[in-house]
Amino acid sequence: MRVRRPGLCKEPVIPLRTTLLALGCATLSSGCLGGRIADVRGVESYITRIELEGVHRFKKKELLAYLNIGESSRLVWKPKYPFSEAMLPIDAERILQVYQAYGYYDAEVVSMVPFTKVGRTRLFGRHPGERRPGKTTITIVVREGAPTKVTDLEVHFPEGAPEGPKGDPPDPKATPQQLANASMLREGDTFEIPLLNGSNEQIRGKMQDRGYAFAEVEERAVVDPGRGVEVDFDLRPGPFVRIGEITIEGLVGVPEKYVRNEIDFAPNHRYSPALKTRIEQAIYAMDVFQSVSIAMDDQPSRPGRVDLTIRVVESKTQSIKVGPGIGIDPVRWEERVSMLYSHKNFGKNLTRFDLRVTAGYAELPSLLRPEAHGPLLRIEPKFQQKGFLEKRTTWTLAPGFELGIWQGYQFYSPTLRMGPSRFFGRHVQLELTYNAHFVDFFNVSPALNAADSIVGRDFRDPYFVSYLEPELTFYFVDSILKPKNGAILGLLYDIAGLGGHFSFQKFQPTLRGYYTPHERVTLAARASVGFIFPFGPNAGAPIDMKLYLGGSDTVRGWGLRRLSPRVLDAMREDGTCGTTDTRCRGVPVGGRTMVLANFETRVRMVDKLSAVAFFDMGDVRAGTASFSPKNWNYSVGPGLRYDSPIGVFRLDAGFRLNETDQSEGERIWAIHFGLGETF
């Protein structure tokens, strides 16, 4: 006999024997629920263990999520579950309802047997004989039975097939068969209430994606327990609509025209939930709103049009952050204090102004044995505005000043960076900047001033360089900020010679790839090469703009910028260099050819903590377009990542795997702290 139950998706079927079992268990505590209980009169008991027998459909954690009972944790901040025998018949009923919701209509709870171990007597209790809470184990035995399968699934249009825009023929991508294919349930699958509800939403969403904003779906299921289920979906598509008028409410200091510039793709576009999400994301990306909500009219405002109302709440326009920091690297320590002031609506025209000031002190190679040390100061103001001259283009003006120290020299440098950046579509970004640097060195190593230095004319003190930097980036990833799947291709090109002491071209393509085979595991890879080509009468590149590797972001078995051609400060009489004299390790001077490859396996262990295993390869050569594969440097190691509110904190330990012509005097390991993913 078949029973038609139209509301099955909201009210699972419960056989009569379920009620009888629950009532019987409630009255016969010494029967199916009345397990062995020691003398626990006046003693509180916690459930510490639940054993499941005969349960195959669910994992323990999944089934317990539906119940009142649970396993108490030993950790004080984790929940504890006091034992109450009155909860057992209630949870027996719940277990059956869960099984029925997942298609097991013949399931039975055979027994729920508690066993309580009396707690020990307190040594210093308030009353004589007072005991600690006892420990209760509950054994649940279930007979699951056979699941009920879906034997037939169909989609119907009771009021006729959906019409296309302007009375066109029915939409060819909204046929009953195609909509049935969108269902989470399939013929032959076990009938499950969550999948039935999900199928309703999937079919409705597919119609909305096609422009039918007011589509409604009603599901019906004819259940023959243990034999099969016939599922029908009645779909009323409603009219095809496009986005009509858009009203924006809640604006105070943000000019409306800038918001409309960001969502100008929406008017007259076919309605879909994805389009609403895209509108929200575009407005949030302006970084001046703390909340954005979009409401759709209940019915078309006019034939073929639906109006939207966007309600926004502006965030604070100004903020200031101050904090200390420390940098630790095998060849450099630094202690610093940073301040960041931001104004998101400077000048009332959405100009963003950021001022970052960092002051500190650095010791080389470490705080405990500083062979070179000096102050640090970076002042970095930056103005950005989107919509000047062209509404999609963002303009940047960033003057700056830096006082710093590197191996072999100290310096101060005023800088300038300015230019436009624009996205073309959703996948391509083009940035063009003009850059100017003036650098004055002091406390320079004698190795850099020597007449026979191999760096030759490339070391000038002071120097000025002026160059253009176009950068083209292709994003084919699921998320630009935190990619999990896809690839990013970046092409960086510098051309210097527009005045100044140096003329060169620098070209550096980089390819990054991401793949997530499991929600907790991401594989990431990066490959890059770099070339510097000097040209003209001022052929050369300044020492601080050459190519370097080593450190937390490149080859992690090396110290910061240590993987590079070097000029030696001191050496043994036989012309070799050892590890005891750190001066003999030399001053890195950079190269003109670079090759780099990285591979990481990232595994999320808990919500915010991840483990990483990495493999790095890299090399830098002094010559132009010069490669030496036999001297490529390899390193491996583990790492940890902590996803904090201000970014991902990173700790890596890298170990070199081989010796090359550049590794003499270098440690075989390095520890790195960083902020943000490596790539």
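Side chains are part of it too, since the values below use all heavy atoms of this structure and drop only hydrogens, waters and symmetry mates.
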Atom [atom1] of residue position [X] - does it have more than 12 heavy atoms of other residues, nucleotides or ligands inside 6.0 Å?
X      : atom1 : answer
Arg356 : CZ    : no
Lys344 : NZ    : yes
Glu245 : CD    : no
Glu62  : CD    : yes
Phe401 : CZ    : yes
Asp298 : CG    : no

Tell me whether [X] contacts the main-chain N or O of [Y] through its side chain, where contact means a donor paired with an acceptor under 3.5 Å.
X      : Y      : result
Thr175 : Gln178 : yes
Glu314 : Val254 : yes
Thr554 : Gly550 : yes
Gln208 : Ala213 : yes
Arg641 : Val612 : no
Asn181 : Gln177 : yes
Thr393 : Ser421 : no
Asn485 : Thr516 : yes
Asp329 : Leu560 : yes
His518 : Arg520 : yes

Salt bridge [X]-[Y], side-chain N to carboxylate O under 4.0 Å:
X      : Y      : answer
Glu431 : Arg417 : yes
Lys382 : Asp354 : no
Arg392 : Asp264 : yes
Asp297 : Arg302 : no
Glu216 : Arg236 : no
Glu262 : Lys257 : no
Glu256 : Arg260 : yes
Asp287 : Arg352 : yes
Glu334 : Arg332 : yes
Lys484 : Asp478 : no

What do you reckon, are the aromatic ring centroids of [X] and [Y] less than 6.0 Å apart?
X      : Y      : result
Phe476 : His427 : yes
Phe502 : Tyr463 : yes
Phe383 : Phe353 : yes
Phe240 : Tyr212 : yes

Hydrogens and angles aside, do [X] and [Y] bring a side-chain donor and acceptor to less than 3.5 Å of each other?
X      : Y      : answer
Thr678 : Arg556 : yes
Thr351 : Gln384 : no
Thr247 : Thr309 : no
Ser466 : Tyr434 : yes
Glu469 : Asn435 : no

Can you tell me how far [atom2] of [Y] sits from [atom1] of [X], rounded to the nearest 0.5 angstrom?
X      : Y      : atom1 : atom2 : result
Tyr284 : Gln281 : OH    : CD    : 10.5 Å
Phe614 : Asn598 : CZ    : CG    : 9.5 Å
Asn349 : Tyr258 : CG    : OH    : 4.5 Å
Arg210 : Ser272 : CZ    : OG    : 10.0 Å

Side chain proximity check, [X] to [Y], heavy atoms < 4.5 angstrom:
X      : Y      : answer
Leu377 : Thr358 : no
Asp307 : Ile246 : no
Ser610 : Arg602 : no
Ser199 : Met184 : yes
Phe233 : Arg220 : no
Arg650 : Leu675 : no
Val428 : Thr473 : no
Ile263 : Ile310 : yes

Run through Gln202, Met207, Glu201 and flag the one making a side chain to side chain contact (heavy atoms under 4.5 Å, CB included) with Arg204.
-> Glu201
When you measure from the centre of the six-membered ring of Tyr361, is the NZ or CZ of Arg336 under 6.0 Å away and within 45° of the axis?
-> no
Is the NZ or CZ atom of Arg422 positioned over Trp395's six-membered ring, under 6.0 angstrom from the centre and within 45° of the axis?
->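 The answer is no; the distance or angle limit is not met.
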Do you know the tightest heavy-atom contact between Leu376 and Gly404?
->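 Result for this residue pair: CD2-CA, 4.0 Å.
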Begin with the C-alpha distance, continue with both residues' side-chain angles, and end with the deciding distance and a verdict on side chain to side chain contact (heavy atoms under 4.5 Å, CB included) for Phe265 and Leu275.
-> CA-CA 9 Å; Phe265 56 84; Leu275 181 64; 3.8 Å; yes
Parallel, tilted or perpendicular: ring planes of Phe531 versus Phe533, cut at 30 and 60 degrees = parallel
Scan the side chains in residues 503-515 for donor-acceptor partners under 3.5 Å anywhere in the protein, sequence neighbours excluded, and list what turns up.
unit_1: Gln505; atom_1: OE1; unit_2: Tyr493; atom_2: OH; d: 2.4
unit_1: Thr510; atom_1: OG1; unit_2: Ser528; atom_2: OG; d: 3.0

Side chain to side chain contact (heavy atoms under 4.5 Å, CB included) assessment of Tyr341 paired with Val322 | CA-CA 9 Å; Tyr341 167 77; Val322 180; over 6 Å; no
Under the side chain to side chain contact (heavy atoms under 4.5 Å, CB included) criterion, do Glu600 and Phe679 qualify, and how do the steps go?
-> CA-CA 10 Å; Glu600 287 189 352; Phe679 56 90; 4.1 Å; yes
What do the steps show when you test Asp232 against His156 for side chain to side chain contact (heavy atoms under 4.5 Å, CB included), and what is the final call?
-> CA-CA 7 Å; Asp232 294 322; His156 305 282; 3.7 Å; yes
Does the pair Lys482 and Asp643 meet the rule for a salt bridge (Lys or Arg N to Asp or Glu O under 4.0 Å), with working shown?
-> CA-CA 12 Å; Lys482 293 184 178 181; Asp643 192 2; 3.5 Å; yes
